[in-house]
Amino acid sequence: MSHSIIASQLDPQANQALRERLVDHEVVDIPFGQLNLEVPADVFILRPVNIRGQQVDIPPPGWPWNLKWVQLVSSGIDFYPDWVFQGPPVTSGKGANAEQVAEFALALVFAAAKQLPGLWVKDADWQLTPLAPVRGRILGILGFGSIGQSLARKAVALGMRVLALSRPGQPIAEIAGVERAEDLRQLFAGSDHLVLAAPLTPATRGLIDRQVLAHARPGLHLVNIARGGLLDQQALLEALDSGLLGRASLDVTDPEPLPVGHPLYQHPRVFLSPHTSAISADGYPALLDAFVANFHRYREQAPLANLVDTARGY
């Protein structure tokens with residue numbers, strides 16, 4: 001195999017880092033959103049396609065060109081059209097952003113416990129407010145992949161109890177201080193804070209509905225840093241209005257962004273962030289490490305890591 005041409009939609013700094021690590025190969029900058037390749041690339045690093053209302057159902061002319069491998073930037077595949085997977089092998093960015101997403105989820109837990117940002121004062125009217133501890137509280141985690149495991153280790157180190165649930169038949173990684181929930185009912189009933197960290201698949205879409213929320217421990221703080229489609233947003237609003245849920249911290253919604261005037265924007269116990277938990281000021285160090293390791297496998301014609309299984313959904 002001659003030298004490779006890697007077409008990359010990563011930012012220029014990340015592409016330059018790849019050039020410095022793969023000096024015998026060519027890395028070509030491709031603007032985010034551009035799907036037509038004008039270079040004979042054999043590898044394509046692709047950022048999400050179907051976002052912010054865009055829906056690209058028809059592949060660009062000539063797809064998949066000369067490509068032998070497509071690397072997705074994200075860990076999930078729901079932001080990519082079906083035709084992306086109807087060509088060369090596709091690998092995901094699974095695990096590459098786990099640490100920053102776990103940190104963000106933990107920050108949301110602290111914000112709820114310490115009543116932030118509402119606690120900040122802007123005048124001389126100071127009201128002393130009793131704040132909830134984090135230590136000793138129960139953190140539920142739905143989805144125990146790389147993000148869930150990273151979050152669990154951080155929570156245990158802070159003295160939290162962790163209750164985790166993974167997909168049916170999937171064992172929970174053995175981490176000291178982590179207990180396995182038997183089902184969704186036990187997970188919701190037993191948690192003070194509950195983080196959704198599961199992938200969005202046909203089996204999990206709309207999984208958190210009225211029936212599941214009805215089992216929530218009163219005052220539960222629900223955090224979604226996974227995908228908006230996991231959660232029935234109308235059922236969420238009803239649970240908040242009834243007082244069953246105390247707070248919802250959402251980094252993801254369905255759709256993204258929500259339309260103007262959506263009630264989630266205005267609800268006093270909903271805290272929205274713009275799907276930013278995975279974006280790091282440090283760029284893509286873990287993704288680049290994983291890509292380079294996989295690139296060497298690709299060049300050696302060895303099996304690639306993190307291959308997408310569309311039937312599984314990730």
Enquirer: Using only heavy-atom distances, determine whether the side chains of Asn306 and Thr91 contain a donor-acceptor pair under 3.5 Å.
Expert: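 No - no donor-acceptor pair under 3.5 Å links their side chains.
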
Enquirer: How far does CD of Gln55 sit from CZ of Arg52, to the nearest 0.5 angstrom?
Expert: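 That separation rounds to 14.5 Å.
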
Enquirer: So if you build clusters from Ile, Leu, Val, Met, Phe, Trp, Tyr with side-chain heavy-atom gaps below 4.5 Å, do Leu272 and Ile208 land together?
Expert: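 The answer is yes; both residues are in one hydrophobic cluster.
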
Enquirer: Would you please classify the geometry between the His275 ring and the Phe79 ring as parallel, tilted or perpendicular, with 30° and 60° separating the classes?
Expert: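 Phe79 and His275: tilted rings.
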
Enquirer: Between Thr204 (side chain) and Pro199 (backbone), is there a donor-acceptor pair under 3.5 Å?
Expert: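 Between the backbone of Pro199 and the side chain of Thr204 there is a qualifying donor-acceptor contact (under 3.5 Å).
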
Enquirer: Rounded to the nearest 0.5 Å, how far does CG of Leu131 lie from CZ of Phe110?
Expert: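 The distance works out to 12.0 Å.
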
Enquirer: Using 0.5 Å steps for rounding, measure from the CD atom of Glu256 to the CZ atom of Arg227.
Expert: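 Atom-to-atom, Glu256:CD and Arg227:CZ are 7.5 Å apart.
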
Enquirer: Is the charged tip of Arg312 near the ring of Tyr314: under 6.0 Å from the six-membered ring centre and within 45° of its axis?
Expert: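 So Arg312 does make the cation-pi contact.
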
Enquirer: Determine whether Gln100 and Asn97 satisfy the following criterion, side chain to side chain donor-acceptor pair (under 3.5 Å), listing intermediate values before the conclusion.
Expert: CA-CA 6 Å; Gln100 50 261 44; Asn97 301 315; 3.2 Å; yes

Enquirer: Just how far is it from atom CD of Gln71 to atom CD1 of Ile6, taken to the nearest 0.5 Å?
Expert: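 Spacing of CD (Gln71) from CD1 (Ile6) equals 10.5 Å.
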
Enquirer: Does this structure show an ion pair linking Asp29 with Arg19, if we count only N-O contacts that are shorter than 4.0 Å?
Expert: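 Counted as a salt bridge, because a side-chain N and a carboxylate O are separated by less than 4.0 Å.
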
Enquirer: Inspect the surroundings of CZ in Arg185 and state if more than 12 heavy atoms from other residues, nucleotides or ligands are less than 6.0 Å away.
Expert: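 12 or below, so no.
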
Enquirer: Check for a donor-acceptor pair, side chain of Asp42 on one end and backbone N or O of Ser4 on the other, with a separation under 3.5 Å.
Expert: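 No; zero donor-acceptor contacts below 3.5 Å.
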
Enquirer: If every non-hydrogen atom of Leu139 is compared with every non-hydrogen atom of Met160, which pair is closest and at what distance?
Expert: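 Shortest heavy-atom separation between Leu139 and Met160 comes out as CB-CE, 3.8 Å.
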
Enquirer: Any side-chain heavy atom of Ile45 within less than 4.5 Å of one from Ile30?
Expert: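 SC-SC contact between Ile45 and Ile30 ruled out.
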
Enquirer: Write down the atom of His193, the atom of Ala112, and the distance for their closest heavy-atom approach.
Expert: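 So the minimum-distance heavy-atom pair works out to CE1-CB, 4.1 Å.
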
Enquirer: Between the main-chain N or O of Ala132 and the side-chain N or O of Lys114, is there a donor-acceptor pair closer than 3.5 Å?
Expert: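 Pair found, side chain donor or acceptor close to backbone of Ala132.
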
Enquirer: Using every non-hydrogen atom in the two residues, find where Leu230 and Leu200 come nearest and quote the distance to one decimal.
Expert: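 Minimum heavy-atom separation between Leu230 and Leu200: N-CD1, 3.9 Å.
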
Enquirer: Starting at CG of Leu304, measure out to CG of Asn294 and round the result to the nearest 0.5 Å.
Expert: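 Atom-to-atom, Leu304:CG and Asn294:CG are 5.0 Å apart.
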
Enquirer: So how far is it from Phe32 CZ to Arg47 CZ, rounded to the nearest 0.5 Å?
Expert: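 Those atoms lie 4.5 Å apart.
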
Enquirer: Are the side chain of Gln9 and the backbone of Gln34 linked by a donor-acceptor contact shorter than 3.5 Å?
Expert: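 Indeed, once roles are kept as given, a pair shorter than 3.5 Å links the two residues.
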
Enquirer: For a side-chain contact (heavy atoms from CB on, under 4.5 Å) check, start with the C-alpha distance between Leu106 and Leu158, then their side-chain angles and the critical distance, and finish with the verdict.
Expert: CA-CA 10 Å; Leu106 195 58; Leu158 290 166; 3.6 Å; yes

Enquirer: Check each of Leu194, Val162, Leu163 against Ile138 using the side chain to side chain contact (heavy atoms under 4.5 Å, CB included) test, and report the only one that passes.
Expert: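 Looking at Leu194, Val162, Leu163, the match for Ile138 under the side chain to side chain contact (heavy atoms under 4.5 Å, CB included) is Leu163.
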
Enquirer: Under a 4.0 Å threshold between the charged nitrogen and the carboxylate oxygen, would Asp289 count as salt-bridged to Arg21?
Expert: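 Judged by the 4.0 Å cut-off on N to carboxylate O distance, Arg21 and Asp289 do form a salt bridge.
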
Enquirer: Angle between ring planes, Trp65 versus Trp63, binned at 30° and 60°: parallel, tilted or perpendicular?
Expert: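 Ring orientation, 0 to 90° scale: perpendicular.
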
Enquirer: For His25 and Ile5, indicate whether the former's side chain and the latter's backbone hold a donor-acceptor pair under 3.5 Å.
Expert: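 Absent.
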
Enquirer: Count I, L, V, M, F, W, Y as connected when their side-chain heavy atoms are under 4.5 Å apart, and connections chain through other members. Are Val252 and Val270 then in the same cluster?
Expert: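 Hydrophobic grouping puts Val252 apart from Val270.
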
Enquirer: When you measure from the side chain of Thr129 to the backbone of Gln127, do you find a donor-acceptor pair of N or O atoms at a distance under 3.5 Å?
Expert: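 At least one qualifying donor-acceptor pair exists.
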
Enquirer: Backbone N or O of Ala96 within a donor-acceptor pair of the Tyr284 side chain at under 3.5 Å?
Expert: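 The answer is no, because no donor-acceptor pair under 3.5 Å joins these two groups.
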
Enquirer: Between Arg210 and Glu238, is there a side-chain N and carboxylate O pair less than 4.0 Å apart?
Expert: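 Result for this pair is yes, salt bridge flagged.
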
Enquirer: Taking salt bridge (Lys or Arg N to Asp or Glu O under 4.0 Å) as the criterion, tell me which of Arg135, Arg217, Arg247, Arg161 meets it with Asp192.
Expert: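 Only match with Asp192 under salt bridge (Lys or Arg N to Asp or Glu O under 4.0 Å): Arg217.
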
Enquirer: Parallel, tilted or perpendicular: which fits the ring planes of Tyr298 and Trp69, with parallel below 30° and perpendicular above 60°?
Expert: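 Judged by the thresholds at 30° and 60°, the geometry between Tyr298 and Trp69 is tilted.
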
Enquirer: Of the non-hydrogen atoms in Pro89 and Leu307, which two are nearest, and what is the gap between them?
Expert: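 In terms of heavy atoms, the two residues are closest at CB-CD2, 3.9 Å.
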
Enquirer: Is Leu142 close to Leu184 at the side-chain level, that is, under 4.5 Å between some pair of heavy atoms?
Expert: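 Of all side-chain heavy-atom pairs linking Leu142 with Leu184, at least one is under 4.5 Å.
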
Enquirer: Are the side chain of Gln54 and the backbone of Asn50 linked by a donor-acceptor contact shorter than 3.5 Å?
Expert: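 No, because the side chain of Gln54 does not come within donor-acceptor range (under 3.5 Å) of the backbone of Asn50.
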
Enquirer: Are Ser191 and Leu220 side-chain neighbours, meaning at least one heavy-atom pair lies under 4.5 Å?
Expert: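 Yes. Closest side-chain heavy atoms under 4.5 Å.
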
Enquirer: For a quick test of reading the model, state the closest non-hydrogen atom pair linking Tyr80 to Pro48 and the distance between them.
Expert: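 So the two residues come closest at OH-N, 3.3 Å.
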
Enquirer: Are Val134 and Phe104 in one and the same hydrophobic cluster, where Ile, Leu, Val, Met, Phe, Trp and Tyr link if side-chain heavy atoms are under 4.5 Å apart?
Expert: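 In one cluster with Val134: Phe104, yes.
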
Enquirer: Might you point out which heavy atoms bring Ser150 and Glu99 nearest each other, and give the distance in Å?
Expert: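 That would be OG-OE2, 3.0 Å.
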
Enquirer: When Leu250 is tested against each of Leu222, Ile225, Leu264 for side chain to side chain contact (heavy atoms under 4.5 Å, CB included), which residue passes?
Expert: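 Between Leu250 and the candidates, side chain to side chain contact (heavy atoms under 4.5 Å, CB included) is satisfied uniquely by Leu264.
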
Enquirer: Do side-chain atoms of Trp126 reach the backbone of Asp123 as a donor and acceptor pair under 3.5 angstrom?
Expert: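 Checking the backbone N and O of Asp123 against the side chain of Trp126, a donor-acceptor pair under 3.5 Å is found.
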
